[in-house]
Amino acid sequence: MTLKVYNSLSGEKEIFKTLEDKKVKIYSCGPTVYDYFHIGNARAFMVPDIIKRYLTYKGYDVLHVMNFTDIDDKMINRANEEGISVQELANRFITAFFEDIERLNIRKADIYPKATEHIDDMIEMVNRLVEDGFAYESNGDVYFRVSKFSEYGKLSKKNLDDLVAGARVEVSDKKENPLDFVLWKASKDGEPSWESPWGAGRPGWHIECSAMSKRYLGEEFDIHTGGVDLTFPHHENEIAQSEACCDHKVVNYWLHNGYINIDGEKMSKSLGNFFTTREILNKYPAEVVRFFLISNHYRSPINFSDQELDNSAKSLNKLENTVNKIDSLLALEVVAGDLSGAELLSVYQEKKEKLIEAMDDDFNTALAIGVLHELAKEVNRFVNNPTFELTAEVKVSLEKIKGLFDNFAKDVLGILVEKKEGNNDLVDPLISLLLDVREKSRQNKNYQLADEIRDRLDELGIEVKDTPQGAEWSLK
RNA sequence: GGCGGCAUAGCCAAGUGGUAAGGCAGAGGACUGCAAAUCCUUUAUUCCCCAGUUCAAAUCUGGGUGCCGCCUCCA
């Protein structure tokens with residue numbers, strides 16, 4: 001059982017090998033904090049979350065860094081529109097960011113460095129590049145000299161001639177070559193700026209990730225994640241800067257997630273056809289949104305629509321029903337009998353192996369969800385059989401299967417959440433009392449009262465199901 | 001124009017050489033006081049088209065068609 005990951009750099013699935021034994025260092029491109037993030041961003045945040053959760057399951061120690069871009073043109077423009085400082089703007093949307101990812105059950109990164117707090121690191125890096133001839137100053141700007149870095153284009157599989165032929169690059173008198181990109185830009189009046197060897201200015205976009213990943217993860221680390229659109233130019237430039245600086249490979253595995261499309265078209269802020277994650281979370285339960293985001297392989301594009309979300313809700317609900325059923329059974333006393341737990345035990349073994357195999361194959365969450373459904377189906381078939389009885393042996397097997405749901409549905413995929421947390425010592429006995437009364441009415445064929453109890457509990461958000469083992473209830 | 005990716009049932013979707021997972025929707029049946037939940041049967045002789053390699057191809061090769069993305073801020 002070996003983990004394989006698709007590396008954008010090689011274009012192939014590779015066996016995953018860490019630099020340090022059982023330790024993984026991950027850097028992810030985070031948001032520019034000038035607005036609420038959209039559902040496409042949510043996917044980009046979900047990918048490292050899944051990777052971290054699974055690597056943790058496999059026994060790795062994970063160190064995860066995600067940056068906040070809190071200074072760039074968009075930040076400055078938006079702050080001016082709102083009449084607040086860039087920093088106030090950043091603080092507002094960093095707070096919102098944490099609120100939204102928490103609802104999505106995305107676990108926090110270990111470190112969230114801000115660009116504005118690492119200007120010195122960036123200046124130092126740019127300085128080094130200038131000294132080594134990889135960069136040049138021009139009227140207060142500093143540009144990266146692309147022609148000097150012979151491997152430029154290795155990530156996005158482009159060569160310099162093709163790029164020039166495309167030539168939608170901004171032409172500037174300040175640049176030696178249209179493909180050169182800015183590392184440091186001289187500030188205009190009224191813009192936030194920092195002192196540097198080249199005068200007052202602010203960093204270019206790409207340099208922050210090179211500087212901050214180096215600061216927190218070192219000159220070499222395992223995984224770098226981001227959306228496919230960052231492949232070029234952002235990550236290509238990042239490679240150029242970082243590798244020119246330290247003269248060796250910096251990132252071992254580049255992982256890129258696919259887009260979220262709207263009606264088959266890319267969703268983006270510039271096209272205007274986007275939804276903020278916040279809007280969507282106000283319309284759908286967060287676990288449904290999460291389920292939707294991981295119901296395809298992370299590299300495939302996914303199409304966003306109400307129909308897809310409804311589909312996800314139903315698919316997830318099916319798994320929840322089975323887990324609730326198992327919980328109800330585990331709360332009961334065992335009965336004497338000779339029903340063997342062996343069949344369930346072999347189902348447990350088989351599905352566990354399939355789940356690991358799925359996640360080992362480049363984090364195939366879509367396949368893993370399919371396996372969870374297979375598992376649910378086997379359990380349902382078994383416990384709904386007329387000859388079913390909860391023997392001690394059966395209960396032990398069910399506990400193991402519950403553990404599998406806990407490991408994969410709850411911990412690794414994060415799609416099942418505890419819903420009964422609000423209960424206290426009073427609620428359970430009270431509901432049991434009501435259900436006992438209802439059961440007596442049913443035995444007396446007083447179905448009107450029985451149904452009224454069920455309906456009124458339903459209004460309170462408590463769903464009641466009658467089963468051969470008695471009534472079961474769960475919070476909706 | 002250059003580069004990259006994708007094409008699997010009504011819909012979503014997994015599957016990279018061994019005879020098509022899973023979910024949703026549909027049809028029929030079982031269980032139930034009624035519900036809910038669940039189960040069973042059924043829905044792709046076939047994976048965009050053509051040719052080739054192979055005992056064997058959805059999977060590999062060549063050609064074609066269609067769609068998408070990147071080359072510009074973007075997850």
Side-chain angles (χ1 to χ4, degrees), chain A residues 8 11 13 28-32 37-47 72-74 77 153 156-159 161-170 179 205 225-234 236 256-261 264-271 274 291-292 295-297 299-303 305 307-308 310-322 324-325 354 358 361 364-386 442-443 445-448 450-451 454-455 458 463-468 471-472 474:
Chain A
S8 303
K13 279 183 198 166
S28 302
C29 287
T32 301
F37 63 83
H38 61 62
I39 187 70
N41 299 105
R43 192 179 193 196
F45 305 147
M46 195 63 81
V47 168
D72 79 336
D73 289 346
K74 293 191 294 290
N77 293 340
S156 54
K157 320 275 189 285
K158 296 176 191 303
N159 64 57
D161 294 339
D162 292 341
L163 285 165
V164 174
R168 280 202 278 172
V169 193
E170 186 193 353
L179 296 176
W205 172 40
T225 73
V228 272
D229 51 339
L230 294 184
T231 310
F232 191 91
H234 184 56
E236 194 68 62
H256 290 103
N257 62 274
Y259 285 123
I260 290 184
N261 294 326
E265 261 206 326
K266 169 186 169 179
M267 163 160 75
S268 74
K269 289 191 176 176
S270 53
L271 288 176
F274 70 95
F291 186 94
F292 166 73
S295 60
N296 284 29
H297 187 93
R299 278 187 285 121
S300 311
I302 51 177
N303 207 43
S305 69
Q307 195 195 333
E308 283 306 301
D310 290 341
N311 195 336
S312 293
K314 285 176 184 162
S315 180
L316 174 60
N317 191 242
K318 200 162 182 169
L319 293 178
E320 285 169 343
N321 284 332
T322 300
N324 286 341
K325 177 75 187 174
K354 284 182 84 171
D361 186 12
N364 195 334
T365 51
L367 183 55
I369 288 172
V371 177
L372 286 176
H373 273 105
E374 288 173 16
L375 174 63
K377 188 171 198 153
E378 295 291 347
V379 171
N380 289 332
R381 198 193 310 233
F382 192 89
V383 304
N384 287 313
N385 191 296
R442 290 181 71 215
Q443 275 160 18
K445 304 248 189 282
N446 184 352
Y447 294 120
Q448 202 183 343
D451 289 351
R454 185 173 62 196
D455 290 346
D458 189 77
E463 189 175 25
V464 176
K465 297 171 184 170
D466 295 315
T467 78
E472 292 172 0
S474 59

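On a predicted model such as this, the values are computed, not experimentally measured, just so you know. Lettering of chains follows the sequences in order, A, B, ..., and the numbering in each one begins at 1.
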Tell me: [atom1] of [X] to [atom2] of [N], nearest whole Å?
{"X": "A:D229", "N": "B:rU72", "atom1": "CG", "atom2": "C1'", "result": "12 Å"}
{"X": "A:K445", "N": "B:rG33", "atom1": "NZ", "atom2": "P", "result": "8 Å"}
{"X": "A:E320", "N": "B:rA36", "atom1": "CD", "atom2": "C1'", "result": "15 Å"}
{"X": "A:D455", "N": "B:rA36", "atom1": "CG", "atom2": "P", "result": "12 Å"}
{"X": "A:Y259", "N": "B:rG69", "atom1": "OH", "atom2": "P", "result": "8 Å"}
{"X": "A:R43", "N": "B:rG69", "atom1": "CZ", "atom2": "C1'", "result": "13 Å"}
{"X": "A:I39", "N": "B:rC74", "atom1": "CD1", "atom2": "C1'", "result": "16 Å"}
{"X": "A:L230", "N": "B:rC71", "atom1": "CG", "atom2": "P", "result": "10 Å"}

Rounded to whole angstrom, note down the [atom1] distance from [N] over to [M].
{"N": "B:rA7", "M": "B:rC12", "atom1": "C1'", "result": "15 Å"}
{"N": "B:rG10", "M": "B:rC73", "atom1": "C1'", "result": "40 Å"}
{"N": "B:rU53", "M": "B:rU16", "atom1": "P", "result": "25 Å"}
{"N": "B:rA21", "M": "B:rG26", "atom1": "P", "result": "23 Å"}
{"N": "B:rG1", "M": "B:rA25", "atom1": "P", "result": "45 Å"}
{"N": "B:rU59", "M": "B:rU8", "atom1": "P", "result": "13 Å"}
{"N": "B:rU41", "M": "B:rC34", "atom1": "C1'", "result": "26 Å"}
{"N": "B:rG69", "M": "B:rG52", "atom1": "P", "result": "35 Å"}

So what's [N] paired with, Watson-Crick or G-U wobble, going by both distances under 3.5 Å?
{"N": "B:rU45", "answer": "none"}
{"N": "B:rU16", "answer": "none"}
{"N": "B:rG52", "answer": "B:rC60"}
{"N": "B:rA21", "answer": "none"}
{"N": "B:rA7", "answer": "B:rU65"}
{"N": "B:rU32", "answer": "none"}

Quick one: label [X] by what it contacts on the DNA or RNA (base, sugar-phosphate, nothing), any heavy atom closer than 4.0 Å.
{"X": "A:G11", "result": "nothing"}
{"X": "A:H38", "result": "base"}
{"X": "A:I302", "result": "nothing"}
{"X": "A:V464", "result": "base"}
{"X": "A:G226", "result": "sugar-phosphate"}

With rounding to the nearest 0.5 angstrom, report the [atom1] to [atom2] distance, [X] to [Y].
{"X": "A:D451", "Y": "A:N446", "atom1": "CG", "atom2": "CG", "answer": "9.5 Å"}
{"X": "A:N384", "Y": "A:K325", "atom1": "CG", "atom2": "NZ", "answer": "5.5 Å"}
{"X": "A:I302", "Y": "A:S295", "atom1": "CD1", "atom2": "OG", "answer": "6.0 Å"}

side-chain N/O A:N364 vs B:rG15 OP1/OP2, d < 4.0 Å: yes

A:S300 side chain near B:rA14 phosphate (N/O to OP1/OP2, under 4.0 Å): yes

Side chain to side chain, A:C29 and A:L230, heavy atoms closer than 4.5 Å: yes

Heavy-atom side-chain contact between A:K13 and A:D361 under 4.5 Å: yes

Ionic contact status for A:K158 with A:E236, cut-off 4.0 Å: no

Side-chain ion pair, A:D466 and A:R442, N-O less than 4.0 Å: yes

Residues which pass ring pair (Phe, Tyr, Trp, His ring centres under 6.0 Å) with A:H256, listed by chain and number, not counting sequence neighbours: A:H235

Footprint string (nucleotides 37-43 of chain B, 5' to 3'): B base within contact, S backbone only, - free, heavy atoms under 4.0 Å: SSSS---

If you go through the side-chain atoms of [X], does one of them form a donor-acceptor pair with the base of [N] closer than 3.5 Å?
{"X": "A:R454", "N": "B:rA36", "answer": "no"}
{"X": "A:R299", "N": "B:rC6", "answer": "no"}
{"X": "A:R442", "N": "B:rG33", "answer": "yes"}
{"X": "A:K74", "N": "B:rC74", "answer": "no"}
{"X": "A:K266", "N": "B:rC68", "answer": "no"}

Toward the 5' end of RNA chain B, by each residue's nearest nucleotide, A:D72 or A:D451: A:D451

First encountered from the 5' end of RNA chain B, between A:D466 and A:K157: A:K157

Options B:rC74, B:rG33, B:rC24, nucleotide nearest the side-chain atoms of A:K314: B:rC24

Selected nucleotide, minimal atom distance to A:Y447 side chain, candidates B:rG33, B:rA75, B:rC71: B:rG33

Side-chain donor-acceptor contact under 3.5 Å, A:T225 with A:S28: yes

A:W205 and A:H234 aromatic ring geometry - parallel, tilted or perpendicular at 30°/60° bounds: parallel

Salt bridge (charged side-chain N to carboxylate O under 4.0 Å, His left out) partners of A:R299, counting only residues at least two apart: A:D362

Side chain to side chain contact (heavy atoms under 4.5 Å, CB included) partners for A:P233, two or more places apart: A:H206, A:N237

Side chain to side chain contact (heavy atoms under 4.5 Å, CB included) partners for A:N317, two or more places apart: A:E320, A:N321

Quick one: which protein N/O atoms are closer than 3.5 Å to N/O atoms of nucleotides 8-12 of chain B? Pair and distance per line, please.
from   : atom 1 : to     : atom 2 : distance (Å)
B:rC12 : O4'    : A:E308 : OE2    : 3.4
B:rC12 : O2'    : A:E308 : OE1    : 2.9

